[in-house]
Amino acid sequence: MGGSVKDVKSKAELDNITKSGEAVIIHFWATWCDASKQMDQVFSHLSTDFPKTHFLRVEAEEQPEISEAFSVSSVPYFVFLKDGKTVDTLEGADPSSLANKVAKVAGSANPGEPAAPASLGMAAGPTVLETVKEFNKENGSSQQANQVQPGLSDALKNRLQQLIGSHPLMLFMKGNAEEPKCGFSRKVVDILKGENVKFGTFDILSDIEVREGLKLFSNWPTFPQLYCKGELLGGCDIVIAMHESGELKEVFRDHGIDTIGSNEAKVSGSENGKGGIAQSTGLSMNLTSRLESLVNSSPVMLFMKGKPTEPKCGFSGKVVEILREEKVKFETFDILTDEEVRQGLKVYSNWSSYPQLYIKGELIGGSDIVLEMQKSGELKKVLIEKGIVQKETIEDRIKSLITSSPVMLFMKGTPDAPRCGFSSKVVNALKEEGVSFESFDILSDEEVRQGLKVFSNWPTFPQLYYKGELIGGCDIIMELRDNGELKSTLSE
């Protein structure tokens, strides 16, 4: 072997190497991924320190058959094999963990010497150590740079939202449906065609702004990305899992995704529809009791894919986001961890998809219904009626409005159409000083208009606030402007 890295070009070639039973470590990488290139340096050095181990490199997108065999959904990704079986994996750019895992699988670097213990976090010699230090230095610098990078522009956000919403089912992929340019994209296209659904596509290789912007917009670093009714379902691995479990078909049906051909035949052939549960599919008493206990284990209970900190599908993530916006305490159950609960709850609730939100033991619905209820105000109403949240007082509402922007102006009318001379003067002063501000038309809400007078102990309008503190009315603002102190006062 001689301590070198071998590029694998086919599944047959890989199978021929792994059947020997010797230690094999595979690095799945991609040419476009900087982290892959950095980790490849560490990987190459390790191959020198462990010459009796097979170090293999696979271009993940060029070898979809191999990637799919090891469930690779992102790069860099490492698979550790011994005796022809997978004994460990590593996802992401973590040089120390890679070196340590290599040591465990490969054994000592030199005959007669023990491998470095796991507590050291490193397994190889000084060359690898220096590479790791350099990697961490560069990686840390790039992370700091990323922290100060500006977010997406409003124009790009709007464009991405329009693209995502351009079709009920939208796939961002490499290439197009007729000519996919990577194995992962091809797999998702095949699945969607197999599901007999209509879908739109966008070739992210044709537009670098969309490609990079969508990663930030969706907080999902790889492609393809599949969206259903504007919500991210996930990438290749999630789509495959949902397809194999039959859940993808249920999601499409529940969200009204059109099929090509006879919809009636498709629906009538489904075993997990919402209506008409057959008596023969009744749940056992033990499972029914368990589901009842879970549903009622918290006043607000969400059955979702993943955890609130790591949702495993866009729909689950959306409901978590909504509950947080409503400032609701809630508990969750990850249905991916328990197949009995996952399938049983569909029958118990007569609801075939996830997430499922329950309030005081009653099913509210899935993401579409929860989102619609939030937009209409119905969700807050239900939460108040059920005693989950307190009705917002006028004081709470005013505090929220005052702090909704660093510079907040309560005025008559709007900045574009002031309804009184005093409001107009303050608006012009702020614009002349180049101060960014938000406004609230007190003529549109009598409760806020009267409540704010009491809250601020200031009887007239306009009223200008900075970081939640009252600056004053028109006379004070004009005085600050004339003294050259307005801009500095609103930027301290």
Counting N and O atoms only, with roles assigned by atom type, does the side chain of Ser400 sit under 3.5 Å from a partner on the main chain of Asp396, one being a donor and the other an acceptor?
no
For the backbone of Arg419 and the side chain of Ser423, can you confirm whether one donor and one acceptor N or O come within less than 3.5 Å of each other?
no
Can you label the angle between the His27 ring and the Phe78 ring as parallel, tilted or perpendicular, going by 30° and 60°?
parallel
Could you walk me through whether Leu232 and Trp220 pass side-chain contact (heavy atoms from CB on, under 4.5 Å), step by step?
CA-CA 9 Å; Leu232 177 66; Trp220 195 273; 3.7 Å; yes
Begin from the C-alpha positions of Glu212 and Lys215 and carry the test salt bridge (Lys or Arg N to Asp or Glu O under 4.0 Å) through to its verdict.
CA-CA 5 Å; Glu212 296 307 317; Lys215 294 177 184 179; 3.4 Å; yes
Taking only distance into account, with no hydrogens and no angle test, what donor-acceptor pairs under 3.5 Å do side-chain atoms of residues 200-209 form with protein atoms, sequence neighbours excluded?
residue, atom, partner, partner atom, Å
Asp203, OD1, Gly175, N, 2.9
Asp203, OD1, Leu205, N, 2.9
Ser206, OG, Asp203, O, 2.6
Asp207, OD1, Glu209, N, 3.1
Asp207, OD1, Val210, N, 3.1
Asp207, OD2, Arg159, NH1, 3.0
Asp207, OD2, Arg159, NH2, 2.8
Glu209, OE1, Arg159, NH1, 3.4

Ring centre gap for Tyr77 and Phe70 strictly below 6.0 Å
no
Check whether more than 12 heavy atoms from other residues, nucleotides or ligands sit under 6.0 Å from atom CG of Asp482, and answer yes or no.
yes
Could you check whether atom CD of Glu479 has more than 12 heavy atoms from other residues, nucleotides or ligands sitting under 6.0 Å from it?
no
When Leu226, Val189, Val188 are each screened for side chain to side chain contact (heavy atoms under 4.5 Å, CB included) with Met173, the one that passes is Val189
Ignoring hydrogens, what is the shortest heavy-atom contact between Ile257 and Pro168? Give both atom names and the distance.
CD1-CB, 3.7 Å
Residues Glu438 and Ser404: side-chain donor-acceptor under 3.5 angstrom
no
Any donor-acceptor pair under 3.5 Å linking the side-chain atoms of Gln356 with those of Ser349?
yes
Go through the steps to decide whether Lys249 and Glu195 satisfy the test salt bridge (Lys or Arg N to Asp or Glu O under 4.0 Å), and finish with yes or no.
CA-CA 7 Å; Lys249 190 182 296 295; Glu195 293 283 352; 3.1 Å; yes
For residues 304-323, please give each side-chain donor-acceptor pair under 3.5 Å, one per line with the distance, not counting sequence neighbours.
residue, atom, partner, partner atom, Å
Lys305, NZ, Glu247, OE2, 3.3
Ser316, OG, Lys305, N, 3.1

